[in-house]
Protein chains: 2
Amino acid sequence: MDQTAPQKGTVTGRAIEQLKAMIGEGRLEPGERLPTERDLATQLGISRSSMREAIRALTVMGVLEARHGSGIYVTQLEAGDLLETFGVVADLSRGRRLVELLEVRRVLESTATALAAARISADQLADVEKHLEAMNATEDPEEILSHDLAFHRTIALAAGNDTMAAILEGLSSRTFRARVWRGYQEEGAFERTRREHARIHCALVARDPEAARAAAAAHVGEVEEWMRAQLDG
Amino acid sequence: MDQTAPQKGTVTGRAIEQLKAMIGEGRLEPGERLPTERDLATQLGISRSSMREAIRALTVMGVLEARHGSGIYVTQLEAGDLLETFGVVADLSRGRRLVELLEVRRVLESTATALAAARISADQLADVEKHLEAMNATEDPEEILSHDLAFHRTIALAAGNDTMAAILEGLSSRTFRARVWRGYQEEGAFERTRREHARIHCALVARDPEAARAAAAAHVGEVEEWMRAQLDG
DNA sequence: GGGCGAATATTTATCAGACCACTTGGCGCT
DNA sequence: AGCGCCAAGTGGTCTGATAAATATTCGCCC
């Protein structure tokens, strides 16, 4: 039959697949600029509207980046770019899935913290301490949350697996944490959180991966258990 | 009028955020049908083209589903819907990130297998065995891969964490596995793979979580190590 | 009266063309 | 040579129309 344009799915869907294929096969290098929307539409034999929808789809996936007036570029395809949508999942999840996400986070966070205990550099450790102190020096929940996020982010990056760090970033995204925290911290968990953070820091300083893993697992596990209780109650 | 959204970012970007907010705040329930494209465009004061791009964006994220001739619906917001894009990440990753993804998979897969050892039902265990036997009964790589995927998927689902299963599904997506497998299996790893699968199955039957965790970690770790060696060589 | 099929209405999918907003690079002026 | 302005190029948005798939309604036949 017709091997150039088989009739499957929607026109836009095909365009998305073709663009993905171009990048997947290496015909488009990271950072490279694509032809214009108009040219691409002509090449694939579709209208500019449909082409734009396909481009928009790949843009939200973090594969492409459109710069107004300049052109369309392939991103560096780094973990952070591609896993941005992960945060959306966290934001839209409720109830049971929230617990499941926390369970995933517990598994990854404990592993990342264990790896960090073995690999963290002096500079990174200093950063961790900076956020730890800043977190303990204020009572503003907004600021505490901010440093808490940075505390864990620094550790995740020190683990040396950017992909894992990017996933954890999504699982700790601002609105996600804020939603869970609102209730959790109301029950006076500040002090316990401080102790848990201190224990994690201790394990990092001692370069003890197993202690770090246990401390991180317990830290996330606390929130997880609270969340689980909220659902039952 | 509407003084809440004066001038930030692109029109389409704003529409995406507004739609996300509607769903996030629960103003749109899962499965519910949205107003028509035209109505939505009018409500938000934008053109239908822009509205369509916003809808397309949320469609690829797995949040919305458009049915030709019928309308636009909110998905059930299940893990599988939302984490579909995870497979795209795996497909577009190369080199170092491929190893990082395998590391993530090793961590999650071993945890899921350990959980499954404790929770798997008789029916599910029978399914696992079915795929294990089918995998050993053929020499067709395509069929082996297919049953291998089903083997691990069944175990992940038995772990009882749908979110984790969905992520693992993405990390094991067909093209991802196929790419890695092509080289790996050429080195005659079939026999070793069989032994590893058998060990995992054994641990499940014995309901021994720690043995299951170790077996799964070793299984993925084998591929991971091979991949790492490929990069250096 | 009830079931069933065709006509009709609704809605998404796609296309075409125009104009606006922003970026970039070159051209001319100082 | 340096600076500033302008024009071409490009993504962003809008309008309106047509096709295709689905949902609804109505009329016909039994």
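FYI, side chains are in, hydrogens and waters are out, and symmetry mates aren't considered; it's all heavy atoms of this structure. So you know, we letter chains A, B, ... as the sequences are listed, proteins then strands, and number each from 1.
Scanning atom types as modelled, one donor and one acceptor separated by under 3.5 angstrom connect the side chain of R38(A) and the base of dG11(D). Side-chain atoms of H68(B) and base atoms of dA20(D) include a donor and an acceptor less than 3.5 Å apart. In the interface, the side chain of R67(B) is not paired with the base of dA23(D) through any donor and acceptor atom under 3.5 Å apart. With hydrogens and angles ignored, a donor-acceptor pair closer than 3.5 Å exists between the side chain of R48(A) and the base of dG12(D).
A salt bridge between R174(B) and E142(B) is present, with a side-chain N of the basic residue lying under 4.0 Å from a carboxylate O of the acidic one. Ion pairing between a basic and an acidic side chain is recognised when a charged N comes within 4.0 Å of a carboxylate O; E53(B) and R56(B) show no such pairing.
The environment of CD in Q124(A) is crowded: more than 12 heavy-atom neighbours from other residues, nucleotides or ligands sit within 6.0 Å.
We find that CD1 of I72(B) is positioned 11 Å from C1' of dA13(C), with the value rounded to whole Å. Note: CZ (R52(A)) to C1' (dA13(C)) measures 17 Å, nearest angstrom. For the pair E37(B) CD and dT22(D) P, the interatomic distance rounds to 16 Å; values are reported in whole Å. As a whole-Å value, the separation of D39(A) CG from dG11(D) P is 9 Å. The interatomic distance linking M51(A) (CE) with dT13(D) (P) rounds to 17 Å, in whole Å. Straight-line distance from the CZ atom of R14(B) to the C1' atom of dC14(D): 14 Å, rounded to whole Å. We find that CD of E53(B) is positioned 16 Å from C1' of dT12(C), with the value rounded to whole Å.
The S70(A) side chain lies nearest to dT23(C) when the options are dT14(C), dT22(D), dT23(C). Closest contact between the side chain of T36(A) and the listed nucleotides dT15(D), dT12(C), dT10(D) involves dT10(D). Which of dT12(C), dC15(C), dT10(D) sits closest to the side chain of S50(A) comes down to dC15(C).
For the pair T12(B) and dT13(D), the criterion of a side-chain N or O lying under 4.0 Å from OP1 or OP2 is met. Checking the phosphate oxygens (OP1, OP2) of dG12(D), no side-chain nitrogen or oxygen of S49(B) falls inside 4.0 Å.
Here the options are H197(A), H131(A), R153(A), the test is side-chain hydrogen bond (donor to acceptor under 3.5 Å, both in side chains), and the partner is D148(A); only H197(A) passes.
Among the heavy atoms of the strands, none lies under 4.0 Å from I55(A).
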List the steps and the verdict of side chain to side chain contact (heavy atoms under 4.5 Å, CB included) for T85(A) and M61(A). CA-CA 7 Å; T85(A) 57; M61(A) 285 195 244; 5.5 Å; no
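Sequence order on DNA chain C of the closest nucleotides to Y73(A) and R33(B) puts R33(B) first from the 5' end.
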